[in-house]
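These notes concern the structure reproduced below.
Here is how names work: the chains are called A, B, and so on, in the same order as the sequence lines, proteins then strands, and each is numbered from 1. The model shown is predicted, which means the values in this text are computed figures rather than measured ones.
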Protein chains: 2
Amino acid sequence: MKNNTIIDNEGIENPEKLNLKENNCAVTNVFKVIGGKWKVLLVNAIYNDCPKRFGELKREMENVITQATLTTQLRELERDGIICRKAYAESPPRVEYKLSELGKTLIPVIRSLETWWDAYSKCVSEQK
Amino acid sequence: MKNNTIIDNEGIENPEKLNLKENNCAVTNVFKVIGGKWKVLLVNAIYNDCPKRFGELKREMENVITQATLTTQLRELERDGIICRKAYAESPPRVEYKLSELGKTLIPVIRSLETWWDAYSKCVSEQK
DNA sequence: CAGAATCCTCCCGGATACTG
DNA sequence: CAGTATCCGGGAGGATTCTG
């Protein structure tokens, strides 16, 4: 509580640069967008089968994450402009998700992460 | 506690694929290695000025993270094979960090994440 | 069918103090 | 100088229940 009143700035000559304990590293910002535990999985799923209905995602993720968590992750991806949500005013209701144009630019980045992981894990397993 | 005895498997026909609530998505695994709040910053710092002494890192990160947190993050990076730690048996003690060969392969991946973030944030700020 | 609302748990990172 | 040791709070994500 005592530290809620802005951090002690003694000795800090350039507070802007430090951004007050916040880390404005670009990569850290990327993690805020796609670092959610299931987000890349969802982006891939929606990319591979587009548009994707909520019910399909739910079925595929069943017994892995709950519906509540699924909804939360999707909402955040939508808020950050990665996916588009379209609700049809029908009965029963239907909701479809697609990757936005911005979201599509993520795919190559995700692929490069996957490629790095493959090489990394292979290397790690070999050297022991 | 009740859920410690392996999760209810009813209705799961293919437990291996689900990996028991674990997410074996490659990208998620990458996040476990470099997803720590300050790790990419540290990797960049060590890469740009190699070898890097602990004291230098501490000074650069002063008023941003504590020494304890710095040590923890470095230890994890070392454990995961990204950086190499070399301690000299001198007095006063000296410790140097370098990127491992494996760690160097991270640099292009980090650059691609940075590039994506630049484009992303520009796009987001324009469209509102 | 799709989601909102609550409550709860776990763990990462932070503050502080002590050490060879 | 470069660490450990210990305690602690906050936030992400999960379980459960209720709704149009």
Enumerate all atom pairs, one protein N or O and one N or O from nucleotides 3-7 of chain D, separated by less than 3.5 Å.
residue, atom, partner, partner atom, Å
D/dG3, OP1, B/R85, NE, 3.1
D/dG3, OP1, B/R85, NH2, 2.5
D/dG3, OP2, B/Y97, OH, 3.0
D/dG3, O3', B/R75, NH2, 3.1
D/dG3, N7, B/Q67, NE2, 2.3
D/dT4, OP1, B/R75, NE, 3.2
D/dT4, OP1, B/R75, NH2, 2.6

* Separation of atom NZ in B/K58 from atom C1' in D/dA2, rounded to whole Å -> 8 Å
* Any ion pair linking A/E96 and A/R94 (charged N to carboxylate O, less than 4.0 Å)? -> yes
* Rounded off to whole Å, could you give me the CD1-to-P distance for the B/I65 and C/dT16 pair? => 15 Å
* Specify the separation, in whole Å, of atom OH of A/Y88 and atom C1' of C/dG3. => 18 Å
* Asked: Just how far, in rounded Å, is C1' of D/dA2 from CG of B/L70?
  -> 10 Å
Sort me out a list of protein N/O and nucleotides 11-13 of chain D N/O pairs below 3.5 Å, or just none if empty.
residue, atom, partner, partner atom, Å
D/dG13, OP1, A/K37, N, 2.8
D/dG13, OP2, A/Q73, NE2, 3.2

* Structure fact -> Taken in chain and number order and not counting sequence neighbours, the residues that satisfy side-chain hydrogen bond (donor to acceptor under 3.5 Å, both in side chains) with B/T28 are B/N23
* Asked: Thinking salt bridges, do A/K104 and A/E101 make one under a 4.0 Å N-O criterion?
  -> yes
* CZ of B/R94 versus P of D/dC1: gap in Å, rounded? -> 13 Å
* Show your reasoning for whether side chain to side chain contact (heavy atoms under 4.5 Å, CB included) applies to A/L42 and A/M61. => CA-CA 9 Å; A/L42 293 175; A/M61 304 294 280; 4.1 Å; yes
* To do: Please determine which of B/V95, B/I65, B/T71, B/I46 meets the side-chain contact (heavy atoms from CB on, under 4.5 Å) test together with B/L57.
  => B/I46
* **Pair listing, ring-ring contact (aromatic ring centres under 6.0 Å, His included) test, anchored in residues 87-120 of chain A, at least two apart** => A/W116-A/Y120, A/W117-A/Y120
* To do: Starting from C1' on C/dT16, measure out to CG on B/N63 and report it in whole angstrom.
  => 16 Å
* Asked: Rounded to the nearest Å, what distance is computed from the CG atom of residue A/L77 to the C1' atom of nucleotide C/dG3?
  -> 16 Å
Quick one: side chains of residues 107-114 of chain B, donor-acceptor pairs under 3.5 Å with protein atoms, not counting sequence neighbours, listed by atom name and distance.
residue, atom, partner, partner atom, Å
B/R111, NH1, B/N44, OD1, 3.3
B/R111, NH1, B/E114, OE1, 3.1
B/R111, NH1, B/E114, OE2, 3.4
B/R111, NH2, B/N44, OD1, 3.4
B/S112, OG, B/V109, O, 2.9

* Asked: When you look at NZ of B/K122, are more than 12 heavy atoms from neighbouring residues, nucleotides or ligands closer to it than 6.0 Å?
  -> no
* Can you check the B/F31 CZ to C/dC11 C1' distance for me, whole Å? -> 18 Å
* To do: Applying side-chain hydrogen bond (donor to acceptor under 3.5 Å, both in side chains), name anything that partners B/K52, two or more places apart in sequence or on another chain.
  => B/D49, B/E60
